Amino acid sequence: MNWAFVAWNVLLLSTLLGCSNAPSSIPVPVSETRSWLDPEGARAQNPSGENTSNEDVVEPNDWFENVTKQSGIEMIFRTGREAERQTILETVGGGVCLFDADGDGALDLYCPGGGVIDRNNGSVTGLPGKLYRNYGGCRFSDITIESGLSLPAGYSHGAVACDFDRDGDLDLFVFCFGQSHLYCNSSGVFVDVTDSAGLTTNSWDTGAVFADVTGDGWPDLYVVTYVEFDPLKSQPCGKLPNDPDVCPPQNYSPLPDRLYVNRGDGTFEDQSDLAGLTEPSRGLGVLAADLNQDGWIDLYVANDGDANLLYWGGSEFPLVEGGLAAGVAVNARGAAEGSMGLDVGDVDGDGRPDIVVTNFELEDNSLYRNLGAGQFDHATTQFGLAGAGRAYVGFGTGLYDLNGDNWPDWYVLNGHVLYRTGQSPFLQPSFVFQNEYGRRFADVGTQAGSFFRQRHAARGSAVADLDGDGGLEMIVSELEEPITFLRHRKPPTAWITISLTARGGNPMGLGADVSLDAFQRRVTIPMRGGVSFASHVDPQASFALEPNRQSADVSIRWLSGLREIFRGLTVSQHHRLREGMGDESP
């Protein structure tokens with residue numbers, strides 16, 4: 001999406017209609033005409049009548065409850081906006097990372113810190129992130145200092161985890177504006193090995209994913225980059241000089257993404273050119289999965305205003321970029337969009353992974369249905385989603401079964417990047433779309449919980465069962481607001497959660513499909529990396545089961561091509577399945 005085009009049309013309409021902020025047909029909170037430095041006022045004043053205050057009123061049918069205060073998580077992603085320089089840097093925001101940092105089987109939480117901007121000269125200083133240990137029961141404890149992660153990693157946006165050196169501990173890559181950092185995990189203590197690993201760069205990294213792209217048994221690192229931005233030379237746009245705002249990304253030159261190939265000795269080699277990653281684009285996310293189920297990891301890249309990219313995996317470089325031919329590069333009208341959040345899931349129950357993408361305002365969020373043979377259909381309208389969320393700017397997202405019927409629902413978190421000159425307010429509602437038996441989606445956001453009845457400047461998110469009851473919790477990051485922990489209020493009576501350990505350089509089973517029979521149909525969940533926006537969660541497959549179920553047989557199609565059945569798994573437990581330990585199946 002061309003931000004400059006949107007902003008110019010808003011300004012023109014505002015002049016013609018005598019309004020100072022937006023066309024008269026779009027409701028704007030009173031606070032939007034004041035300083036954007038007043039987030040509390042912005043939430044409290046909303047003409048729609050929705051609950052936009054910080055009160056988290058729980059209704060009987062709510063799916064989620066805000067338990068942040070009881071969780072022990074106290075973290076705010078800082079953007080630097082208090083400097084009032086209206087930079088594009090402060091709009092990107094941050095994500096969250098759920099991974100087992102200490103090897104105890106529970107998912108711990110890492111939150112990037114963002115940074116601050118000097119009001120006088122625009123210089124940028126990073127702030128440290130925080131690592132929280134999961135003690136169960138939705139209780140977390142800050143272990144940042146003892147983990148070795150207390151020093152700032154730069155102006156950080158997010159992090160991804162993977163055992164890159166295959167020593168049994170999950171390591172952490174924190175991507176930043178400026179220098180990103182790789183931390184090697186040794187029994188829960190993290191050491192910065194960026195220099196020795198050969199990852200010293202000075203760019204603007206906005207996303208990353210670990211995956212064995214080369215198929216040699218070692219996880220490689222794909223890094224998404226955004227634009228060339230010099231904070232010391234940055235000037236605002238908007239209605240100058242009285243009402244400045246953030247400049248659109250089209251004002252800055254795009255950057256090429258990078259692929260670092262794991263040498264297997266603790267170091268990486270930049271093979272971006274050899275892999276064919278030479279075309280610059282304004283990247284904001286990358287997802288790794290086996291989209292055509294051929295046994296190779298594919299990479300799908302979300303770009304901001306440029307066509308999205310799909311690199312088909314294979315045995316040789318360069319990678320084949322086939323986004324346009326596959327039908328996932330642009331929207332149904334053939335236009336590139338401002339894409340941010342990503343996920344894949346079997347939306348229609350045919351066993352193939354479909355793709356969802358969140359987009360900029362005046363653009364529908366995109367659902368690309370997998371037709372097989374490397375072809376996708378833009379199915380947003382077909383699934384009843386045309387116009388849903390079109391007024392807003394989508395970031396964090398995911399396809400998860402949130403109501404226990406084994407159909408993946410779709411949540412979308414929204415928040416503007418323009419403080420004053422967008423067609424919708426800075427603080428925005430978020431949505432949950434319930435999957436109605438693989439045929440369409442229905443908006444049920446207001447009954448999802450108080451968070452979804454409020455307005456936020458939301459960004460990254462991660463979803464997983466964090467308290468061991470089979471229900472899926474959600475962690476959300478916002479701009480200049482506390483990290484939010486949403487606990488699931490209606491977990492299934494019977495359930496099973498699966499994690500994988502594959503052979504070689506694919507320790508978390510990335511690219512595999514996990515299937516079982518439940519509620520009279522076959523349910524399939526793809527194991528993927530790079531979900532949501534600037535976020536990470538260790539791949540898991542969670543299934544709801546019939547209330548009287550005692551055991552379950554689980555089928556795995558591993559990335560290696562091996563197909564196995566693991567029989568008689570106990571219900572209402574989390575199981576880690578290892579490749580080669582099941583019964584082979586056709």
Side-chain angles (χ1 to χ4, degrees), residues 39-40 53-58 62-78 93-114 127-153 156 158-159 161 169-170 172 174 183 185 187-190 396 413 448-452 454 456 458-491 497 532 534-538 540 574:
E40 298 300 328
S53 70
N54 284 333
E55 295 183 7
D56 291 294
V57 178
V58 180
D62 284 352
W63 294 5
F64 292 100
E65 178 182 2
N66 189 337
V67 296
T68 308
K69 292 181 179 179
Q70 305 96 289
S71 70
I73 300 171
E74 296 180 352
M75 180 66 183
I76 295 177
F77 182 87
R78 297 286 303 281
V96 291
C97 178
L98 288 173
F99 75 115
D100 186 3
D102 52 10
D104 66 354
L107 294 182
D108 308 299
L109 173 65
Y110 177 79
C111 304
L127 294 174
K130 286 187 179 182
L131 180 64
Y132 291 91
R133 184 181 183 186
N134 185 349
Y135 285 94
C138 292
R139 294 291 301 175
F140 288 76
S141 177
D142 186 344
I143 60 168
T144 307
I145 295 177
E146 50 265 51
S147 72
L149 292 171
S150 59
L151 295 178
S156 53
D169 294 318
L170 290 177
L172 195 68
V174 181
Y183 297 93
N185 182 357
S187 301
V189 178
F190 292 82
L413 305 179
S450 60
F451 179 90
F452 295 91
Q454 301 166 352
H456 306 268
R459 290 300 186 262
S461 58
V463 172
D465 181 6
L466 297 177
D467 57 1
D469 66 356
L472 296 178
E473 279 68 51
M474 185 181 300
I475 308 290
V476 179
S477 176
E478 304 179 50
L479 302 184
E480 298 288 350
E481 291 288 338
I483 294 291
T484 299
F485 184 9
L486 302 177
R487 183 175 189 175
H488 203 290
R489 299 183 64 247
K490 300 177 180 294
T497 299
S532 190
S535 298
H536 168 90
V537 58
D538 287 355
Q540 295 182 349
H574 177 204

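All of these numbers come straight from a predicted model, not from anything done at the bench. Note that the numbering runs from 1 along the sequence shown for the chain.
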Which heavy-atom pair separates P491 from H488 by the least distance, and what is that distance? N-ND1, 3.7 Å
Calculate, to the nearest 0.5 Å, the distance between atoms CD1 and OG belonging to I483 and S461 respectively. 10.5 Å
Those residues at least two apart in sequence (or on a different chain) that pass ring pair (Phe, Tyr, Trp, His ring centres under 6.0 Å) with Y183 are none
Ion pair present between R133 and D104, side-chain N to carboxylate O less than 4.0 angstrom? yes
Of all the heavy-atom pairs spanning E473 and L466, show the shortest one and how long it is. OE1-N, 2.9 Å
Value rounded to 0.5 Å, distance of OG in S150 from CD1 in I143: 12.0 Å
Any side-chain heavy-atom pair from V67 and L486 closer than 4.5 angstrom? no
The reported gap from CG in D467 to OG in S71 (rounded to nearest 0.5 angstrom) is 12.0 Å
For the CG atom of L98 and the CG atom of D465, what is their distance to the nearest 0.5 Å? 11.0 Å
OG of S156 to CG of L127, rounded to nearest 0.5 Å, is 8.0 Å
Which atom pair, heavy atoms only, marks the closest approach of P128 to L151? CB-C, 4.0 Å
Looking at E74, I'd like to know if its CD atom is crowded, meaning that more than 12 non-hydrogen atoms belonging to other residues, nucleotides or ligands lie closer than 6.0 Å. no
For the backbone of A106 and the side chain of N134, can you confirm whether one donor and one acceptor N or O come within less than 3.5 Å of each other? no
Walk me through it: do D62 and F451 pass the test side chain to side chain contact (heavy atoms under 4.5 Å, CB included)? CA-CA 10 Å; D62 284 352; F451 179 90; over 6 Å; no
Looking only at heavy atoms, which two atoms of L413 and G460 are closest? And how far apart? CD1-O, 4.2 Å
Ion pair present between R459 and E478, side-chain N to carboxylate O less than 4.0 angstrom? no
Would L170 and D538 satisfy side chain to side chain contact (heavy atoms under 4.5 Å, CB included), going step by step from the backbone distance to the final call? CA-CA 10 Å; L170 290 177; D538 287 355; 3.3 Å; yes
Contact check, side chains of L109 and M75, non-hydrogen atoms, under 4.5 Å: no
Quick check: Y110 with H536 (ring centres under 6.0 Å apart)? no
Shortest non-hydrogen contact from Y132 toward G72: CE2-O, 3.5 Å
Any heavy-atom pair between the side chains of F190 and D169 that's under 4.5 Å? no
Can you tell me how far NZ of K130 sits from CD1 of I145, rounded to the nearest 0.5 angstrom? 9.5 Å
Applying the side-chain contact (heavy atoms from CB on, under 4.5 Å) criterion to V537, which one of V96, L107, I475 satisfies it? L107
Do the rings of F64 and F452 sit parallel, tilted or perpendicular, given the 30° and 60° boundaries? tilted
Residue pair L149 / L172: nearest heavy atoms and the distance that separates them: CD1-CD2, 4.1 Å
